[in-house]
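Below is one structure; the comments refer to it alone.
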Amino acid sequence: MTATIPTLSSQYDPSITEDKWQQAWEARHVFKADPDRPGEPFCVVIPPPNVTGSLHMGHAFENALIDTLVRYQRMAGRNTLWLPGTDHASIAVQTILENQFKAQGKTREQVGREQFLERAWEWKAESGGTIVNQLRKLGVSVDWSRERFTLDEGLSHAVLTAFTKLYEEGLIYRGNYMVNWCPASQSAVSDLEVEQKEVDGHLWHFRYPLTDGSGYVEVATTRPETMLGDTAVAVNPSDDRYSDLIGKTLTLPIVGRQIPVIADEYVDKEFGTGCVKVTPAHDPNDFAMGQRHDLPMITVMNKDGTMNSEAGPFEGLDRFEARKAVVARLDEEGFLVETEDYHHTVPYSDRGKVPVEPLLSTQWFVKIKPLADKALDALDNHQSPRFVPERWTKVYRDWLVSLRDWCISRQLWWGHQIPAWYAVSETGGDITDSTPFVVAMNEDEAREQAIAQFGPDVVLQQDPDVLDTWFSSGLWPFSTMGWPDETTKDFQTYYPTTTLVTGFDIIFFWVARMTMMAGHFTDTMPFETVYIHGLVRDENNQKMSKSKGNGIDPLVLINKYGTDALRYTLIREVAGAGQDIRLEYDRTTDESASVEASRNFTNKLWNASRFVMMNLGGQTPAQLGQPDAHQLELADKWILSRYHGVVQRVRNHVDKYGFGEAAKDLYDFIWGDFCDWYIELVKSRLQGEGPSKRVAQQTLAQVLDGILRLLHPFMPHITEEVWHTLNQVGDDQFLAVQGYPQVEANAIDGDLEAQFELLIGTIRTIRNLRAEAGIKPSAQIETILQSASAEERRILTATQVYIQDLAKVDTLTIRGEGPANAPQNGRVAAPSSTPTTAASSVDLAGIKAELTDFWVTMRPLLEEPLTYVNRFFSDFRRPAVTLLLLLVLLVTLQVLGAVLDTLNTIPLVGGVLKLVGMGYSLWFISQNLLSVDRRQATWAKLGTWKQQVVGQTQTWMQRPAPEPVVPQGQPEPVAAADPWTAPAAPQPEPAPQPEPAPQPKMFAGVVGTAQVLIPLTGVVDVDALRAKVEKDLGKIEAEAKSLSGRLSNAKFVEKAPAEVVQGARDALAEAEQQAEMLRSRLKLL
RNA sequence: GGACGUAUAGCUCAGUUGGUUAGAGCACCACGUUGACAUCGUGGGGGUCACAAGUUCGAGUCUUGUUACGUCCA
């Protein structure tokens, strides 16, 4: 199963890998939870998808989020259970089956309940596995051995128990109330299953004549057909216009019924005429008024939406036909006053997609207040559950406060049949509203109870209705753990669960029902945290829906780009939890640019891993071992620092549900730091042999192993695959259950990272200049880095090999102030490849800078020799000691000249002394540096001297050869104990120096306070270069202007924090310095 | 009508407790095929942070209002 390295393709193929690991994880029971396992339990129950369903983008998103969380927690050491399952979805399944029967010309009544249910279970067996198998394609780390279904035996037992308990406690009752009736599915539906839709309709105004003939009142309605069931007209009691009408009666047109005028606060005086018709059997508000005023309730419709016998001449008409007919009749008879176009909202059935009919019927209800109060108590007094993002707490709470009782009976067959048995023998063999009943766990118990009440001859019939699907879903977090048996190990260990991950659209449907049920039955909230995610919208920012047909099939994208790529795309997009995400998609090609980008990332990881593994000499990270901290080179320390930084950030983000941020951090680290920089930095070391190579291998191996672990929760398949190859382990071990990386805080070195910023900036500046000058990417060039800052020079010197490598520089010179910074002498910059040439064109500003620099550097030496020695070891353990020593010599001469110059009023004396200094320098060069032999002798001398002081030496001018050469007399070129060990082994400079040549022009960039100078060779576009420098200069000048403006604002200096002010000053100084450099360079172009 | 969310580059989005010159990926342009990766590399162009007022030395960030889009509830 584990590939060997040479067989790895240069392109990652998810189609092979993903199936392989999904099967291996399941076959090896990698995610099977064990309550006895150590570690704090971490448990998530899946939001059960409908058995009817097929995988859509919402599932993919939600399960990607859960899996990322669960895999992270598992690797972080929690005893983890993710429990999968499906929901029986009564209305959805019933609709599908009824349509199937309808196609055969049969109604469900013709088929019969028994056969219908038989077919339903068959259908579930056939297609119920689809969604589950599609979930497997996502690579979810669920425990399949615990898979549940809301209609299975255990859960049905839980449902029966919950129902009977609630009934016994008086929290479930049966009664005749107004419910939302869906004429399409011919069932009651709950308030939540009703959707308010805005429609363009009409508002009809009618006259109802007073019975005494003294006039009429005008009423308005959007539903004229219901007037047949009117039993009153209501006005507001404080409405003076109608106060004398109250108590009089009206004669209802068409019907001829006498109905009273009543007064009720509900009536809005401002709306219409201020008179409303009251139809208590067909409108919830009218129903309430009817109850208050004890009005008759006349139902004029059948359950299929046709008019009944109460509708007189309209009997048998469909409700919408009846509407037209009633209007026509009223018009004929002169009662129609006006027909007004009217935009209003109409309640539609969620499932049936037809307007619901408020209808009086006998249904089962859950008394919701006691349950909601308990959930509210948990929320208000225990902040449980905690919502992420927090704003959903308010939505959840507001809903709990204003709940109406929950209608739980559905006139369907697929579902949990209500465990109530009617003593039909008491009411003539039929179930009527007044038939007595018993509630029991099963028929035997019911019979026992019924016999006790009604005698041995009682005939029982079970309530034909089933329970709302959400009744069983409401028990899901604990019914799946064995409840009502609370002694099971699963219940004891994993309940209450830790986190629920779901969408805001089912906060009310599901989350609130779970908290209410759990609060009541288990006396605790069923989860600590509810993470609410947003929607996945389509490419046009539209909600995906079946009816719009704008869904994006996750399986299409998985086939094209791989599961890891799709998952990563979805996770990476989600920043700031709960925000909707938009998925780019091209419907003509089934391509998605953003998923493709993630696929490219998998390929990048694949190839980086391949490169690392090809360079480990066949060894695994374990065989290579941890690198010795003392042998780490700069780049190694840097990548380890960056690595631990990213470990820290990723852990922090995921702990706070910041999955998107964590995913982005990993992307930046892996592609940016690791691939773009570290791998490039170690390539030359891997070509050689010796300790430097080995440390690079060790570091690469350790960091790659860590990357795979870090990324595993986000991209489980590719990381599992690479991890097996990298570690050469069999298929009895899995990355999925390895430890998540821990932060080593002391490996994070901010100073080092800041120094690397200078390095990276320098390389980028050189590359930038090369590109602007049109230098071929493959050409080696000469570059001079010039900085007045000893610190910058120290950093650049220590990292010079990296610069040479990555910027294609064969001759690199690092120096203090040089001749090029002497605009007043009018000379073009010399290609000063040795620092000594600095003396040949020194200027006063340069001397001052050098003097300052020198003084800062040397003061400790002058003050306290011993301190200096210590500092030398601690602060200047770099190879450029020789540079320092030479500078001491040169600068001393310069300083002498300068000091005398300022003391002496006669200008010529200064010049003379300067010349003397230069002369000495030149003499020194001729004696010690000009020829190869002399230079080597000098080098050896210095080397010996330095060897006595610091124990090592280092080249600082020329790029070392790839194969390090150990110089004679230096048995230990790399001082093992020195953490500032050079990036490459030291080597004396053997190559001849270029002769001081006619001076070519240079072009320049700046980074920090350092100048990057590249001598111009060949034909270049000087205008383009000038434009480039001018642009840089413009930017810097703008910045300097803004900074100085701020600093000249007294209030800023006075009120802003000291560090901000100082920061601005430093920035200004740097900007001015950079601007000055660019200006002088511009002159030279 | 009430509540909430969003508005930053052509597109998709970051941007911490207000503090240097507002960032990334994709797309675009130029150059490049160097032995991990062209599903790649290097460089470049591209933004009045929806609008208005306010607080502040200083606002993409805080406050208020306006507009647009979206969602939920009634």
Side-chain angles (χ1 to χ4, degrees), chain A residues 5 8-12 191-192 195-196 345 347 389 391-392 394-395 398-399 402 504-505 507-508 534-535 537 539 541-543 561 565 569 572-576 578-584 592-615 658 660-661 664-665 667-668 671-672 675-676 679-680 683 686-687 763-772 774-778 806-808 1028 1031 1034-1043 1045-1057 1059-1061 1063-1068 1070-1071:
Chain A
I5 295 141
L8 297 180
S9 152
S10 71
Q11 283 186 9
Y12 172 60
D191 292 346
L192 275 178
E195 186 188 355
Q196 302 291 332
T345 56
R391 66 173 186 272
W392 293 107
K394 183 173 150 45
V395 176
D398 288 350
W399 193 74
S402 59
F504 59 81
D505 47 338
I507 289 182
F508 307 140
L535 295 175
R537 295 168 172 280
E539 69 279 14
N541 204 21
Q542 299 288 307
K543 199 169 165 175
Y561 302 111
T569 305
R572 189 188 150 129
E573 290 288 323
V574 53
Q579 219 53 33
D580 289 353
I581 61 173
R582 193 185 300 199
L583 191 63
E584 287 173 80
S592 166
S594 51
V595 184
E596 187 177 314
S598 299
R599 189 274 315 267
N600 294 352
F601 180 45
T602 61
N603 201 54
K604 187 73 180 178
L605 175 67
W606 178 256
N607 277 294
S609 303
R610 216 160 56 90
F611 173 81
V612 170
M613 292 187 287
M614 285 189 297
N615 282 284
E661 291 83 349
K664 276 174 225 164
D665 277 345
Y667 184 97
D668 292 344
W671 203 316
C675 295
D676 288 349
I679 286 184
E680 296 303 325
K683 273 182 177 171
L686 293 170
Q687 301 302 311
I763 292 169
R764 288 212 165 112
T765 304
I766 298 172
R767 284 172 173 171
N768 170 323
L769 291 170
R770 293 177 58 121
E772 295 293 334
I775 297 172
K776 276 192 163 50
S778 52
L806 300 193
K808 287 255 162 52
K1028 161 74 179 159
K1031 191 189 156 196
K1035 272 191 193 170
I1036 288 167
E1037 282 176 335
E1039 186 197 346
K1041 194 181 164 196
S1042 129
L1043 283 166
R1046 187 181 317 166
L1047 282 164
S1048 59
N1049 179 342
K1051 285 185 175 172
F1052 169 70
V1053 178
E1054 186 189 325
K1055 293 195 177 178
E1059 65 267 25
V1060 173
V1061 176
R1065 287 203 176 105
D1066 294 348
L1068 179 60
E1070 183 172 325

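In what follows, every chain begins at residue 1, and chains take the letters A, B, ... in the order their sequences are listed.
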Exercise for review: Extract the stems that RNA chain B is part of, considering only consecutive pairing runs of at least three Watson-Crick or G-U wobble pairs, both distances under 3.5 Å.
Suggested key: B:1-7 with B:67-73, B:10-13 with B:23-26, B:28-32 with B:40-44, B:50-54 with B:62-66
Check your understanding: When you measure from the side chain of A:R764, which nucleotide among B:U12, B:A36, B:G43 comes out closest?
Key -> B:G43
Exercise for review: Return the nearest nucleotide to the side chain of A:F508; candidates are B:G43, B:C72, B:U39.
Suggested key: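 Nearest to the side-chain atoms of A:F508, counting from C-beta on, is B:C72.
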Point to revise | Minimum side-chain heavy-atom gap A:R1065-A:V1053 below 4.5 Å | key: yes
Check your understanding: Is there side-chain contact between A:R767 and A:L806, with at least one heavy-atom pair below 4.5 Å?
Key -> yes
Exercise for review: Give a yes-or-no answer on whether the side chains of A:R1046 and A:N1049 include a donor-acceptor pair shorter than 3.5 Å.
Suggested key: no
**Study point:** A:K604 to A:Y667 six-membered ring, cation-pi geometry met (6.0 Å, 45°)
**Key:**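 Judged by the rule, A:K604 and A:Y667 form no cation-pi pair.
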**Study point:** Aromatic plane relationship, A:W671 with A:F601 - under 30° parallel, 30 to 60° tilted, over 60° perpendicular
**Key:** parallel
Practice item. Check every strand shown and say whether A:A1067 touches a base, only sugar-phosphate, or nothing at a heavy-atom separation below 4.0 Å. Key: base
Review point. When we call it a touch if two heavy atoms are under 4.0 Å apart, what does A:E680 touch: a base, just sugar-phosphate, or nothing?
Key: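 If one applies the 4.0 Å heavy-atom cut-off, A:E680 turns out to touch a base.
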Review point. Taking atom P of B:A36 as reference, at what distance in whole Å does atom CG of A:L605 sit?
Key: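 Rounding to the nearest Å, CG of A:L605 and P of B:A36 are 16 Å apart.
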Check your understanding: Got a salt bridge between A:K1051 and A:E1054, using NZ or NE/NH1/NH2 to carboxylate O under 4.0 Å?
Key -> no
Exercise for review: Before accepting this row, confirm whether a basic side-chain N of the pair A:D668/A:K664 lies closer than 4.0 Å to the acidic partner's carboxylate O.
Suggested key: no
Practice item. Produce a footprint string for nucleotides 55-60 of chain B: one letter per nucleotide, 5' end first; B if the base is under 4.0 Å from any protein heavy atom, S if only the sugar-phosphate is, - if neither. Key: --B---
Study note, to complete from the structure: With B for base contact, S for sugar-phosphate-only contact and - for none (protein heavy atoms under 4.0 Å), nucleotides 23-31 of chain B reads --SS----S
**Study point:** All side-chain hydrogen bond (donor to acceptor under 3.5 Å, both in side chains) counterparts of A:R537, not counting sequence neighbours
**Key:** A:D580
**Study point:** Check: A:R599 side chain, B:U39 base, donor-acceptor under 3.5 Å
**Key:**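 Donor-acceptor pair under 3.5 Å: yes.
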Exercise for review: Without swapping roles, check the side chain of A:R770 against the backbone of A:K808 for a donor-acceptor pair under 3.5 Å.
Suggested key: yes
Practice item. Give a yes or no answer on whether the side chain of A:N768 reaches the backbone of A:R764 with a donor-acceptor pair at less than 3.5 Å. Key: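 No, the answer is negative, given that no donor and acceptor are paired below the 3.5 Å cut-off.
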Check your understanding: Looking at A:K543, does any N or O in its side chain come under 4.0 Å of the phosphate oxygens OP1/OP2 on B:C72?
Key -> yes
**Study point:** For A:F1052, ring-ring contact (aromatic ring centres under 6.0 Å, His included) partners two or more places apart
**Key:** none
What protein N or O atoms touch nucleotides 2-8 of chain B N or O atoms at under 3.5 angstrom, if any, and at what distances?
unit_1	atom_1	unit_2	atom_2	d
B:G5	O2'	A:Q579	NE2	3.1

